[in-house]
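See below for the structure under consideration.
Every chain is numbered from 1 and lettered A, B, ... according to where its sequence line falls, protein lines coming before strand lines. Small disclaimer: the values here were computed from a predicted structure and weren't measured. All heavy atoms count here, side chains included; hydrogens, waters and symmetry mates do not.
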Amino acid sequence: MHPKVPTNLPLHLNIQFIKKYLNSGDIVRARQLFDEVPHPDVYSWTLLISAYSKNGRSEEAIKLYTEVKNRRKIDPDKFVVLAAAKACAASGDLANAKEIHRDALNYRFSSDLLLGNALIDMFGKCKHFEGAESVFGNLGIRDVITWTSFCSCYVNCGLPRKALCAFREMGFNGISPNAMTLSSILPACSELKCLNLGREIHGFSIKNGMGDNMFVNSALVDMYSSCSSIKRAELVFHNMSHPDVVSWNVIISAYFTNGECVKALNKFQQMTNKGVNLDIVSWNSVISGCADNGKPQEALELLRNMLQSGRKPNQITITSVLASCTSLELWRVGKEIHAYIVRNRFLDDLTAVTALVLMYAKSGDLEMSNQLFRNMPSKDTVAWNTIIIANSMHGQGEKSMSLFNEMVESGAKPNSVTFTGILSGCSHSRMVDEGLSVFNSMKKEYNVEPDSEHYSCMVDVLGRGGRLIEAYNFIRQMPVEPSAAAWGALLGACRVYKNVDLGRIAANRLFEIEPGNPGNYVLLFNILVGAKLWEEASSARKLMRDRGIRKIPGCSWVRLKNRVYTFVVGDKNNEMSGEIYEFLNEIRKEMKLAGCYPDTGFVLQDLDGEEQEDSLCNHSEKLAVAFGVLNLRGESCIRVFKNLRICGDCHSTINFVAKFVGVQIIVRDSLRFHHFADGLCSCGDFW
DNA sequence: GTAGGGTTAG
């Protein structure tokens, strides 16, 4: 081991040794020596505190600081308080930050420039602008660092406007910004999409010799990208003489946020080719970029590459890639990632688990979703919102409501998304009075102003509840402009309750607001056909044709052993097509024997008249279910996904199949989930 | 023997 250093040396020599150990990174040995020194002075304490905080061991640093404060024989100086402030800044520990601020006031260091700057920075990192304002106010002299830290505190606290005000005031006070000021203030321009100020800052940086500053330029790339000015972002990046890994990451994200996936992926490739060391952010940027831009397969592929390269995913990687699984309904891959989360102890990460809760719910496994949520050690508003939305999607309105009550009791604050979640739950479960009472309590009890989305949800609640006149009056009286969603909800309700008059009104409004949406023409057509108004129906159809609008083809898919099998109407391309149709014919016979007759009203939902006869047995969801049944290998559940709403005849057929074969069948249509088992559907035959 | 900055997330 190490030769023992005699501790009876004079203090300043011991300090030399402590510093030597710290400089070589041997914090353990420095601590040992420190513990043996009989009367360490405040400087030795400071050295150790700084060392711990630099090594990411803020807790230990703060413990030492508390200890030194309580030593009778030592008077804390501003440097030891400063070291403690840095430790708090590193860990974002607000409680201790406030304590340190109080100490600074007690010791009368509060007007010291050096310490003041560090305290402002600390409060900025702890996201507590009130603290920073108080420190700032106490400073008699403020330098460029004071102002810079003050501005970036506002930026960190999500107050970009205040940041820009402080930046202006700085100028009025005759302080000229430096490169650090500019790179701190540019994110405020990004957030506010302040292109003009951003360009002004760009010009200033060039005039003042900061044209090749990496930090400023990376912040500029981000600013231009946020202001949708990708060309300018590109230009800044290409003019950089030495882009570092962060600069590359920024330009990649910039391309993705502007929808330029090919360029983003090219840049990623280029970066790899140039031998830039990819960091975790590089991988996360490109993975989340793909996930956000409708490229889930690529996101998963990149995750594989990442693992191959030996880089460990973190919570952010997991969250992004789970979003991909959700969009592809890649339930099995999602399960693998779930296992990964458990193995790597990410289960206490709110964001990752919330994404997992959503993934399971969207993949049809509501039970797992609920179970995971129950086991979460802490829950924030987003987590509660997610579980409420999950239950609403699955038609569990009562459950959504009780979760909401639990949420309020737990002290989490409901926000606008919470109410959209509950109200949609109420509409899917025909809970009209509950919906009305929640809606009325939004502003009064929770101070959430209902927006257009909430109003549309309420139209849906009333409409699906069969209270069509009320729904229509609600639309006419709402203080916001009724959106397509509101009229669409009314139109849908008119289809269910066969109300031709209101259906016409709603459809005509929709033809104005969103003339290109085929769904509205189809709904009106169905309503008219249901009322046997053939001529009017065919003119609705003609209107659609004249406008050149094509119905979106119905498409269903089912997963089998990590492969996705897709079916369209009348699909005969599957290798098992023969068996599928045979099975469906058999089922039709069985249904007739059991006294179930096909619901012909729905045949017409398909606008392609030529196929009417046939199409009854041909809908994609039936084909997918049949394929799933024929390939059941001991599994008790089939999950089918459809891009449009499920049709009524398919609904009753699938219900029958589930009972006949003795399996659970879960169908997700474009709006919600249907759980079929034992001759019942979770939607109560109402959708 | 003392301070501050740019990228990724539900």
Side-chain angles (χ1 to χ4, degrees), chain A residues 12 15-16 19 22 41-44 46-47 50 77-83 85-86 89 112-122 124-125 143-153 155-156 177-187 190 210 213-223 225-226 236-237 240 243-254 256-257 278-292 313-323 326 349-359 379-387 389 417:
Chain A
H12 74 270
I15 290 177
Q16 291 310 315
K19 276 173 72 176
L22 290 178
D41 66 352
V42 67
Y43 177 54
S44 1
T46 309
L47 277 178
S50 309
D77 60 4
K78 64 175 186 180
F79 294 112
V80 73
V81 182
L82 196 137
K86 279 172 83 177
D112 182 83
L113 181 62
L114 201 67
L115 181 56
N117 287 347
L119 290 175
I120 293 174
D121 179 54
M122 169 189 77
K125 302 254 161 70
D143 63 3
V144 62
I145 297 170
T146 320
W147 284 98
T148 304
S149 312
F150 193 53
C151 290
S152 76
C153 171
V155 174
N156 283 341
N178 62 21
M180 293 200 189
T181 321
L182 299 189
S183 45
S184 308
I185 202 69
L186 278 167
S190 303
M210 302 173 223
N213 182 289
M214 219 158 50
F215 291 93
V216 175
N217 283 327
S218 301
L220 280 170
V221 171
D222 183 59
M223 182 277 297
S225 138
S226 302
V236 175
F237 178 80
M240 288 179 76
D244 68 349
V245 60
V246 179
S247 322
W248 283 94
N249 294 346
V250 177
I251 189 70
I252 288 171
S253 302
F256 275 123
T257 47
L278 303 182
D279 65 4
I280 181 90
V281 180
S282 320
W283 285 106
N284 288 350
S285 304
V286 74
I287 289 174
S288 74
C290 285
D292 291 344
N314 68 5
Q315 287 94 326
I316 294 174
T317 329
I318 297 295
T319 312
S320 314
V321 93
L322 270 176
T326 309
D349 180 80
L350 257 180
T351 312
V353 181
T354 302
L356 204 51
V357 168
L358 187 67
M359 186 279 295
K379 290 143 185 156
D380 64 356
T381 298
V382 180
W384 282 104
N385 289 352
T386 305
I387 197 67
I389 292 168
V417 179

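The side chain of A:T351 lies closest to B:dA9 when the candidates are B:dA9, B:dG4, B:dT8. Nearest nucleotide to the A:D380 side chain, out of B:dG4, B:dG10, B:dT7: B:dG10. Among the nucleotides B:dG6, B:dT7, B:dA3, the one closest to any side-chain atom of A:K86 is B:dA3. Side-chain atoms of A:N284 lie closest to B:dT8 of the nucleotides B:dG6, B:dG4, B:dT8. When distances run from any side-chain atom of A:L358 to the nucleotides B:dG5, B:dT7, B:dG10, the shortest one goes to B:dG10. If you check B:dT8, B:dG4, B:dG6 against the side chain of A:T181, the one that comes closest is B:dG4. Relative to the side chain of A:V246, the nucleotides B:dA9, B:dT7, B:dG1 differ in distance, and B:dT7 lies closest. Looking at the side chain of A:S218, the nearest of the listed nucleotides B:dG6, B:dA9, B:dT8 is B:dG6. Between B:dT7, B:dA3, B:dG6, one nucleotide has an atom nearer to the side chain of A:D244 than all others, and that is B:dG6. Out of B:dT8, B:dG4, B:dG6, the shortest distance to the side chain of A:S253 is found at B:dT8.
A donor N or O paired with an acceptor N or O is not found under 3.5 Å between the base of B:dG6 and the side-chain atoms of A:N249. At a cut-off of 3.5 angstrom, counting only N and O atoms as typed in the model, there is a donor on one side and an acceptor on the other between the side-chain of A:S247 and the base of B:dG6. Judged by distance alone, with hydrogens and angles left aside, A:S183 brings a side-chain donor or acceptor within reach of the base of B:dG5, the pair sitting under 3.5 Å. A donor N or O paired with an acceptor N or O is found under 3.5 Å between the base of B:dG5 and the side-chain atoms of A:N213. In this model, no side-chain donor or acceptor of A:N217 finds a partner on the base of B:dG6 within 3.5 Å. Taking only distance into account, the side chain of A:N178 never meets the base of B:dG5 through a donor-acceptor pair shorter than 3.5 Å.
Put simply, CE on A:M240 is 14 Å from P on B:dG6, counting in whole angstrom units. Between the CG atom of A:L186 and the C1' atom of B:dT7 there is a distance of 14 Å, rounded to whole Å. Separating the CD1 atom of A:I287 from the P atom of B:dG10 is a distance of 13 Å, rounded to the nearest angstrom. Here B:dG5 presents its P atom at 12 Å from CG of A:N117, a figure rounded to the nearest Å. We find that CH2 of A:W248 is positioned 18 Å from P of B:dT8, with the value rounded to whole Å. A:M214 places its CE atom 14 Å from the P atom of B:dG5, with the value rounded to the nearest Å. The distance from atom CH2 of A:W283 to atom P of B:dA9 is 17 Å, rounded to the nearest whole Å. Regarding A:L350, its CG atom lies at a distance of 9 Å from the C1' atom of B:dG10, rounded to whole Å.
Residues passing the side chain to side chain donor-acceptor pair (under 3.5 Å) test with A:T319, sequence neighbours excluded: none. A search for side chain to side chain donor-acceptor pair (under 3.5 Å) contacts involving A:S44 returns A:D41, not counting sequence neighbours.
Phosphate contact (OP1/OP2 of B:dG1, side-chain N/O of A:K78, threshold under 4.0 Å): absent.
Residue A:N314 is classed as having no contact, given no heavy-atom separation below 4.0 Å to the nucleic acid. Looking at heavy-atom distances under 4.0 Å, A:A83 makes no contact with the nucleic acid at all. Residue A:S184 is in sugar-phosphate contact alone, with no base atom involved, counting any heavy-atom pair closer than 4.0 Å across all strands shown.
Considering all non-hydrogen atoms of both residues, A:M240 and A:S247 come closest at CE-OG, 3.4 Å. When all heavy atoms are compared, the tightest approach of A:A89 to A:K125 is O-CB, 3.4 Å.
No side-chain heavy atom of A:S285 sits less than 4.5 Å from a side-chain heavy atom of A:F256.
Under the stacking definition used here (centres under 5.5 Å, planes under 30°), the residue A:F215 fails to qualify as stacked on the base of B:dG6. Where stacking is scored as ring centres under 5.5 Å apart with planes under 30°, A:F79 does not register as stacked on the base of B:dG1.
A donor-acceptor contact closer than 3.5 angstrom links the side chains of A:T146 and A:D143.
A distance-only check finds no donor-acceptor pair linking the side chain of A:D121 to the backbone of A:N117 [under 3.5 Å].
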